[in-house]
Each structure stands twice: as C-alpha cells, then as structure tokens.
Amino acid sequence: MLPLNDRPLIQHAWEEAREAGIEEFLFVTGRQKEMLEEHFDHQPELMRTLESRNKQDMLDKVRGSEMPEGKLFLTRQAQPLGLGHAIWCARKLVGDEPFAIILPDDVIHTPGKPGCLSQMIETYNETGGNMVAVMDVPRADTAKYGVLKTGIDHGRTVEVKGLVEKPDPAEAPSTLCVIGRYILQPEIFKLLEAFEKGTGGEIQLTDAMAKLIGHQPFNGLRFDGKRYDCGSRTGFIEANLAYGLADPEIGTQLAAILGKFTTDTQQKGCNNAA
Ligand code: G1P
C-alpha cells in the first residue's frame, strides 16, 4: 500500500496488468493485509464527498481505479514460505491456463510506452511457453536475483537454458537477472507441489521454473523501461522521484525543489571542505 507518487504500489501493478489485457486479478496476501482489498472496493462515501465538492479530477481518478465486479480474487499465504509457495497458493484460482505474475515491489517505469507486461505479452504471442522479464545487473549483485544461464541471444529476447536463485557472484552463470514479471504455463504448479526448499530455506519459484526448461519454450525479455526496487529504501525514494518528475501536475515544481536540495548539498559540501 506504499504510495508511489499518487497511488499505492499495488495499484500500479494492477494498472500494468489491466493495460496488458489481463481481466482477472488474483492477489496472494497474508496477515494484516486487509487494506489491499479495501483499496479496490467501491468507495461510495468518498465519491459522494468528491461529488458534493465538485472535485471532478479526483472523481475520475477514483472511478478509474475501481476493480470491475467479480474480477478480484484473493487467497492467503498463511506462512512466508517463499515466492514459489505464494504462487502455489493461487493454483485453484489460476486453473489450467497460462497466467502472468507481477511482483509489485519491482516497479518498471515506461513513460509514454507500453508497460512491461504488455511488452512481454506481445512477444509471448509469438514465442508461447514461459517468459521472464530480464535485466543486466552488476556481477556483485547477482546474489539478490534469479540468474539466467543463457542460450541463443536474439537481443531483445534471450533463450533461457538454466536458472539459479541468488548465486554468489563468482558462481553466477551470467549477470542477466529475473525481474518480477513472469508469464508461466500451468505445469509450474505440479513442480511447485514438491515443496522443495531452496535458497534461504524457501520454496523458490526459480527452482520450479528451472525444471520447465527443455520441456517448454522459455525466454527472457529485455524490457524497455527503467526498473526500481521498491523493496529497498533508496529504490523506493528513487522511484518516487522518477514518477513525480514525469508527472505533468507536479514535475516542474518537484524539479525546482530537487534543484534547491542539490544546491544546498553542494554548498554544505563546500562549507564542510572549508
Ligand atoms: C524474487 C525472486 C528472484 C527475482 C527477484 C526480482 O526475489 O525470487 O528470482 O530475481 O524477486 O526482484 P526477492 O526479491 O523476493 O528476494
């Protein structure tokens, strides 16, 4: 529910999915996350207040973020046993069809362009199979990600030959890493059901995905956009700055404020040096 610019992270994720043509939304939540479902509910009191105050622009925003009736499904992951386990918790809701996953703390900013999931679906319509969003990271950071062993590299898409969860930089098969967007085939659920514990003692999605390789097409997509890790404090602040600066309502004002901060910091730096 952390706000990124003017709306919660979960809403950014939902909008990206909706834009990509996704029509049914499954949230895997946990203890004390009730706010997530409340946020997408019809908000009659708020609407009445905005109507009575003639706040048309805000009314439009609230209406634009309403979940269509009967399209939100929720399930709970009772214990934090890992990403693979969280996805397994949604198996009955997904059923026997391909599905997409968004990890909302991985924000991908694509101003003026289709969102990351739209880009993936466009490519998936040609390749089929399974697909992950990928990005190169400094080798020192491979221990934070699922890392690809790459096959044929077509530039924008790359064949996935293997996947390793959070390898030591010295052992990482490449520096091409999985970012929180996936399109997967339902066969993944059978593999998750083994409940094998991997890195960090957690049931890892990466380990189950690795077992699909060779049986189904598996590709990485180098998406067009900038990714922010909103699971880290600096990443979250950086994302807010990027979205704020790109926002026509506040961008100019924010740039001026930032300019002032930079000048202040430089002057302080000079004073300190003196
Ligand atoms: C998860 C996945 C990892 C992926 C990452 C992307 O890790 O397990 O493979 O690269 O998301 O952000 P987490 O960040 O939840 O530890």
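Whatever order the structure lists ligands and atoms in, that order sets their numbers, starting from 1.
At a heavy-atom distance under 4.0 Å, no atom of Asp105 approaches ligand 1.
Taking distance alone, with nitrogen or oxygen atoms compared against 3.5 Å, Glu165 approaches ligand 1 more closely than that limit. In terms of N/O distances under 3.5 Å, ligand 1 is not approached by Gly180. The shortest N or O to N or O distance between Val178 and ligand 1 is under 3.5 Å. Residue-to-ligand polar distances keep Tyr182 apart from ligand 1: every N/O pair is separated by 3.5 Å or more. For ligand 1, the polar-atom distance check against Lys166 finds a nitrogen or oxygen pair separated by under 3.5 Å.
Protein heavy atom closest to atom 6 (C) of ligand 1, with residue, atom name and distance, is Asp106 OD2, 3.2 Å.
Between Lys211 and Glu193 no salt bridge is recorded (no basic side-chain N to carboxylate O distance below 4.0 Å).
Ring centroids of Phe40 and Phe27 are separated by less than 6.0 Å, placing the two rings close together.
Note: Asp6 CG to Lys61 NZ = 4.0 Å, rounded to the nearest 0.5 Å.
Distances from ligand 1 to the non-hydrogen atoms of Glu202 include no value under 4.0 Å. Not close to ligand 1: Leu205, with no non-hydrogen atom less than 4.0 angstrom away.
Using a distance-only test at 3.5 Å, with no hydrogens or angles considered, a donor-acceptor pair links the side chain of Thr199 to the main chain of Glu165. A distance-only check finds a donor-acceptor pair linking the side chain of Arg156 to the backbone of Arg222 [under 3.5 Å].
In the model, Glu202 has no side-chain atom that pairs as donor or acceptor with a side-chain atom of His85 under 3.5 Å.
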